[in-house]
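In what follows, every chain begins at residue 1, and chains take the letters A, B, ... in the order their sequences are listed.
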Amino acid sequence: MTSVNSPKGRQGDLALFTRNAVDLINEEELLALLAEDRPLRVKFGLDPSSADLHVGHMVQLMTLRRLQEAGHQIVLILGDATAMVGDPSGKNKLRPQLSREEVDHNLATYMDQAGLILDIDKTEIRRNSEWFDKMSFLETLKLNSRMTVAQMLERDTFSKRMDAKEPIGIHEFMYPLMQGWDSVKVQADVELGGTDQLFNVLVGRTLQAQEAQKPQVVFTGPLINGLDGRKMSKSYGNAVGLTDESKDMFGKLMSLEDGAMETWFQLLTNLSAEERATVLAGHPREAKARLAEEITCFLHSPEAAKEARAAFDSQFRDKNVPDDIPLLEWPAAGEELPLFLLVAKLGLAGSSNEARRLVAQGAVRLDGEPEKDGKRRFGQGEAELLIQVGKRRFGRVKVSE
RNA sequence: GGGGGAAUACUCAAGCGGCCAACGAGGCCAGACUGUAAAUCUGGCGGCCAUGCCUUCGCAGGUUCGAAUCCUGCUUCCCCCA
C-alpha cells in the first residue's frame with residue numbers, strides 16, 4: 001500500500017482500468033504495478049471459434065485501446081490451441097472442437113477486425129499453439145495436476161451441466177489451465193476478460209505464482225446482451241458484427257431495445273457522462289440514432305455513418321424507396337412466371353413456398369401496391385417492375401404484361 | 001464389465017400403429033399499431049409452377065395394407081453399480 005502514496009508512477013491510469021470493470025483483483029496489486037512506472041503487459045485472449053467479432057468484444061477492446069493509448073503493452077492471445085478444446089464458459093453444451101483449418105481461417109480474419117479498434121502495430125500478438133504444440137504429454141499431465149476436480153466443479157457452468165445430466169468432456173477441464181498457462185508464457189502483468197472469464201483468468205494467477213512469477217492482476221469487463229436482450233451471439237442473430245456494412249450496422253443498432261441504450265452508450269462510445277445524460281434525456285429515437293451513428297462512425301467513418309443514417313431515415317421514417325435497389329436479372333428468359341415464383345427466383349424469398357405465404361399475407365408490393373394474387377403472371381419485357389417484400393427486401397426487374 | 005434410461009423440426013418438448021408435415025412453448029418471418037424499439041393483436045414457419053406429389057421424427061434393416069410410434073442390429077449420450 002505504500003505505493004498509493006508515492007508521487008511517482010502511473011497511478012492516474014487506475015481509472016482506465018476501473019472505468020468499466022466489474023471485478024478487479026486486486027486494486028492494491030494494480031497500484032503497486034502502476035507505481036513501477038513502466039508499460040504493463042495487458043493480456044487479452046480471443047477465442048477463434050467463430051470468424052467474426054461483434055460489438056460484445058468491442059467493450060473489452062475499447063478498454064484495451066484506452067490502455068494502449070496510455071502506453072501499456074497489449075498482448076493479444078489468439079487461442080488457436082484452446083479453440084480446439086472449446087471453452088466451456090457460459091455454455092450449456094459440449095462445444096464442438098474445431099479443426100486446425102477452421103481455426104486458421106477464423107484467425108486470418110481477426111486482425112482486421114481487432115485493428116478497427118486497436119493499433120495493431122503496437123500490439124503483441126501471440127498464438128497459444130506456439131507453446132502448446134510443443135508441450136509433451138508428460139508436461140501436459142503436470143499442468144493438469146495443478147488443479148483438482150473439485151476446483152473445476154466449482155464453476156457453475158460445470159455444476160449446472162452435471163445437474164442437468166449433460167455430458168462434460170474431460171478435456172474441457174483443461175481449458176482454464178491452458179488459458180492460465182498462456183499468462184505464464186507471456187508473463188502477463190494484467191489480464192482482461194469478460195465477466196464469464198473470471199474463473200479462467202484467476203487460474204492464471206495460480207499458475208504464475210507456482211512458476212515464481214508475480215500473479216497477474218485480473219479485471220473483467222461487462223458482457224453486453226444482444227439487440228433483443230438475450231446473450232449476444234451470432235447464432236441468435238442478435239449481434240452487431242464489427243465488420244458489418246455501415247448501413248446494415250446502423251439499421252441493426254436501431255433495433256436495439258431501449259433499455260440497453262444507456263449501457264451501450266457507456267461501453268461502446270467515448271461520450272462523456274454529461275453528454276450521455278443529455279442525449280438520453282431526449283427522445284429515445286433520437287438517442288438511439290445518435291448511438292448508432294457514434295458506433296458506425298467509430299467502426300467505419302463519419303461519412304459512412306451520416307450516409308447510413310440518412311438512408312435509414314429515408315427508408316424507414318419517411319418510407320421512401322431506397323435508391324440503391326439491386327436490378328435483378330429475369331430468372332427465366334422468355335418465360336412467363338407467376339408472381340410467387342418470380343419472388344422466389346429473384347431471391348427475395350427463401351423458397352417458393354415462403355414466397356407464396358408472403359404474397360398471401362400481403363407482404364409483397366408491386367410498385368408500392370400490395371399484390372395478393374400469387375398466381376398473377378408476368379413476362380419479361382421492357383417495363384420495369386419494383387418488387388418489395390416486407391420492409392427491407394427490394395428488387396427491380398424488367399417485365400411487360 | 002453389469003444394469004437402467006434417452007435420441008423428434010432452430011431450441012425446448014408432446015406424440016407411442018392409421019385422424020402426423022407431426023400438439024405446445026420459445027425463437028423466427030409477415031401484417032396491424034409504432035419510434036424498423038418494447039408491449040399488444042393477427043396470420044404463418046420442410047420442399048415442389050401443387051386441389052396433388054416428394055422428403056423428414058439418431059443410422060441401417062425388418063414386421064404390417066399402413067410406422068415417429070412395434071422388432072433387430074448399430075451409433076451417440078445420461079444415470080446407477082463395479
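Using a 4.0 Å cut-off between charged nitrogen and carboxylate oxygen, A/Glu354 and A/Arg356 do not count as a salt-bridge pair. With respect to A/Glu130 and A/Lys185, no salt bridge is recorded, no charged nitrogen being found less than 4.0 Å from a carboxylate O. Salt-bridge annotation for A/Glu294 and A/Lys306: absent, with no side-chain N of the basic residue lying under 4.0 Å from a carboxylate O of the acidic one. Between A/Asp189 and A/Lys43 there is no salt bridge, since none of the side-chain N atoms of the basic residue sits less than 4.0 Å from a carboxylate O of the acidic one. Salt bridge status for A/Glu262 with A/Arg276: absent, with no side-chain N to carboxylate O gap under 4.0 Å. Between A/Lys247 and A/Asp324 there is a salt bridge, since a side-chain N of the basic residue sits under 4.0 Å from a carboxylate O of the acidic one. For A/Glu329 and A/Lys398, the salt-bridge test fails: no basic side-chain N is under 4.0 Å from an acidic carboxylate O.
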Expected rows: protein N/O vs nucleotides 28-32 of chain B N/O, under 3.5 Å:
residue : atom : partner  : partner atom : Å
B/rA30  : OP1  : A/Arg393 : NH2          : 3.4

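B/rC81 sits 39 Å from B/rG26 when the C1' atoms are compared, rounded to a whole Å. Separation of the P atoms belonging to B/rC16 and B/rA22 is 16 Å when rounded to the nearest angstrom. Only the C1' atoms considered, B/rG27 is 11 Å distant from B/rC12, to the nearest whole Å. Atom name P, nucleotides B/rG62 and B/rC53: the rounded distance is 24 Å, in whole Å. Nucleotides B/rC57 and B/rG46 are separated by 13 Å at their C1' atoms, to the nearest Å. Comparing the same atom, C1', in B/rG2 and in B/rC65 gives a spacing of 43 Å after rounding to whole Å. Nucleotides B/rC78 and B/rU8 place their P atoms 15 Å apart, quoted to the nearest Å. Across the C1' atoms, B/rC59 and B/rG24 are found 28 Å apart, a figure rounded to whole Å.
Base pairing analysis places B/rG1 opposite B/rC81; the two distances defining the Watson-Crick or G-U wobble pair are each below 3.5 Å. For B/rU40, the paired base is B/rA32 (Watson-Crick or G-U wobble, both distances below 3.5 Å). Pair assignment for B/rA21: none, as no Watson-Crick or G-U wobble contacts are both less than 3.5 Å. Under the Watson-Crick or G-U wobble criterion, with both distances below 3.5 Å, B/rA9 has no partner in any strand shown. Nucleotide B/rU63 forms a pair with no other nucleotide shown, judged by Watson-Crick or G-U wobble geometry with both contacts under 3.5 Å. Pair assignment for B/rG52: B/rC48, on the basis of Watson-Crick or G-U wobble contacts that are both within less than 3.5 Å.
In this structure, A/Phe316 places its CZ atom 17 Å from P of B/rC33, rounding to the nearest Å. A/Lys372 has its NZ atom 13 Å from the P atom of B/rG44, to the nearest Å. Atoms CG (A/Asn238) and C1' (B/rA38) sit 16 Å apart, rounded to a whole Å. When rounded to the nearest whole Å, the span between NE2 of A/His283 and C1' of B/rU34 equals 10 Å. Distance A/Lys375 NZ to B/rA50 C1': 8 Å, rounded to the nearest Å. Atom P of nucleotide B/rC49 and atom CZ of A/Arg356 are separated by 7 Å, given to the nearest angstrom. The distance between atom NZ of A/Lys345 and atom C1' of B/rC49, rounded to the nearest whole Å, is 8 Å. In this structure, CG of A/Leu227 is placed 10 Å from P of B/rA38, rounded to the nearest angstrom.
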Would you please test A/Gln113 and A/Thr109 for side-chain hydrogen bond (donor to acceptor under 3.5 Å, both in side chains) and show each step?
CA-CA 7 Å; A/Gln113 300 181 59; A/Thr109 67; 3.3 Å; yes
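Within residues 254-264 of chain A, the residues having any heavy atom under 4.0 Å from RNA chain B are, by residue number, A/Ser255, A/Leu256, A/Glu257, A/Asp258.
Among the protein residues, A/Leu337 comes within range of the nucleic acid bases, having at least one heavy atom under 4.0 Å from a base atom.
Checking B/rA50, B/rC49, B/rA37 against every side-chain atom of A/Arg377, the shortest atom distance belongs to B/rC49. Among the nucleotides B/rG35, B/rC48, B/rC45, the one closest to the side chain of A/Arg357 is B/rC45.
Within the 4.0 Å cut-off from OP1 or OP2 of B/rC48, at least one side-chain nitrogen or oxygen of A/Ser351 is found.
The main-chain N or O of A/Ile77 is never found under 3.5 Å from a side-chain atom of A/Arg127 such that the two would form a donor-acceptor pair. A donor-acceptor pair is defined here as one N or O able to donate and one able to accept, closer than 3.5 Å; such a pair exists between the side chain of A/Arg393 and the backbone of A/Leu348.
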Please tabulate, for side-chain N and O atoms in residues 210-219 of chain A, each donor-acceptor pair with protein atoms closer than 3.5 Å (sequence neighbours left out).
residue  : atom : partner  : partner atom : Å
A/Gln210 : OE1  : A/Arg146 : NH1          : 2.9
A/Glu211 : OE2  : A/Arg146 : NH1          : 3.1
A/Glu211 : OE2  : A/Arg146 : NH2          : 2.7
A/Gln213 : OE1  : A/Gln208 : NE2          : 3.3
A/Gln213 : NE2  : A/Val184 : O            : 2.9
A/Lys214 : NZ   : A/Glu36  : OE2          : 3.0
A/Gln216 : OE1  : A/Ser183 : OG           : 2.9
A/Gln216 : NE2  : A/Ser183 : OG           : 3.2
A/Gln216 : NE2  : A/Glu191 : OE1          : 3.0
A/Gln216 : NE2  : A/Val201 : O            : 3.0

